[in-house]
Amino acid sequence: MLTDNQFESMRDDIANLHVQLHVVAREDHVPEAERFNRTVKDRIRANYNILPYTHFPPVLIAEMVYSAVFWRNMFPLKGGISHTQSPSELILNRSLDAQ
């Protein structure tokens, strides 16, 4: 698991899950994180361009970012830690209820 310093305090808890934690320095570039950011930007761009407005309030742009990250984290990642649990479920204990 590639993380920044925010997860250092959880090292023991993560190790109990048999997951190896790799803390990355502030200025290091991690290809997986860069791809995640690119995907989020693409989804925001798509939402931005599909809407018929010419002016967007900052709160709407913030909600587009929140929504893109929320939905990106709600499904398990290929090659991720778990094949059945999403990143949101693993870190925040928040699962998707499809009922």
Side-chain angles (χ1 to χ4, degrees):
M1 181 182 204
L2 297 167
T3 66
D4 56 7
N5 289 333
Q6 289 180 333
F7 289 90
E8 184 64 43
S9 63
M10 296 177 59
R11 184 176 287 278
D12 295 333
D13 296 330
I14 292 172
N16 291 338
L17 297 172
H18 307 291
V19 174
Q20 199 171 29
L21 182 67
H22 298 286
V23 177
V24 180
R26 174 175 279 193
E27 296 300 321
D28 283 352
H29 292 283
V30 179
E32 295 87 353
E34 297 292 335
R35 182 177 176 94
F36 180 87
N37 292 342
R38 228 177 14 256
T39 303
V40 169
K41 286 179 184 180
D42 287 344
R43 290 182 182 182
I44 294 166
R45 247 183 243 117
N47 286 335
Y48 183 91
N49 288 317
I50 203 168
L51 293 173
Y53 309 116
T54 55
H55 175 73
F56 293 91
V59 70
L60 180 61
I61 293 173
E63 286 298 319
M64 282 194 283
V65 172
Y66 174 78
S67 175
V69 172
F70 175 85
W71 286 110
R72 179 74 168 92
N73 284 327
M74 288 309 289
F75 298 98
L77 301 174
K78 289 181 183 175
I81 294 171
S82 173
H83 296 292
T84 59
Q85 291 182 305
S86 68
S88 184
E89 197 170 351
L90 289 169
I91 302 298
L92 302 173
N93 201 23
R94 181 181 356 172
S95 61
L96 185 61
D97 184 10
Q99 292 184 6

Looking only at heavy atoms, what is the nearest atom pair of Leu90 and Ser82, with distance?
CD1-CB, 4.3 Å

Distance check, rounded to the nearest 0.5 Å: Met74 atom CE versus Ser86 atom OG?
5.0 Å

Which residues share a side chain to side chain contact (heavy atoms under 4.5 Å, CB included) with His22, sequence neighbours left out
Leu2, Gln20

Result block: side-chain N/O donor-acceptor pairs under 3.5 angstrom for residues 60-67, not counting sequence neighbours:
none

Which ring pair (Phe, Tyr, Trp, His ring centres under 6.0 Å) pairs, counting each pair once, include a residue from residues 44-64, with sequence neighbours left out?
Tyr48-Phe56

Counterpart residues, side chain to side chain contact (heavy atoms under 4.5 Å, CB included), relative to Arg11 (two or more places apart):
Glu8, Leu21, Val23

Contacts of Met10 that satisfy side chain to side chain contact (heavy atoms under 4.5 Å, CB included) - sequence neighbours left out:
Phe7, Ile14

Shortest non-hydrogen pair, Trp71 vs Arg43, comes out as C-NH1, 4.3 Å

Distance (rounded to the nearest 0.5 Å) between Lys78 NZ and His83 NE2
12.0 Å

Could you tell me whether Ile50 atom CD1 has more than 12 heavy atoms of other residues or ligands within 6.0 Å of it?
no

Assess whether atom CG of Asn49 is packed by more than 12 heavy atoms of other residues, nucleotides or ligands within 6.0 Å.
yes

From CG (Asp42) to CG (Asn37), nearest 0.5 Å:
11.0 Å

List in chain and number order the residues that pass side-chain hydrogen bond (donor to acceptor under 3.5 Å, both in side chains) with Arg94, two or more places apart in sequence or in another chain; answer none if no residue qualifies.
none

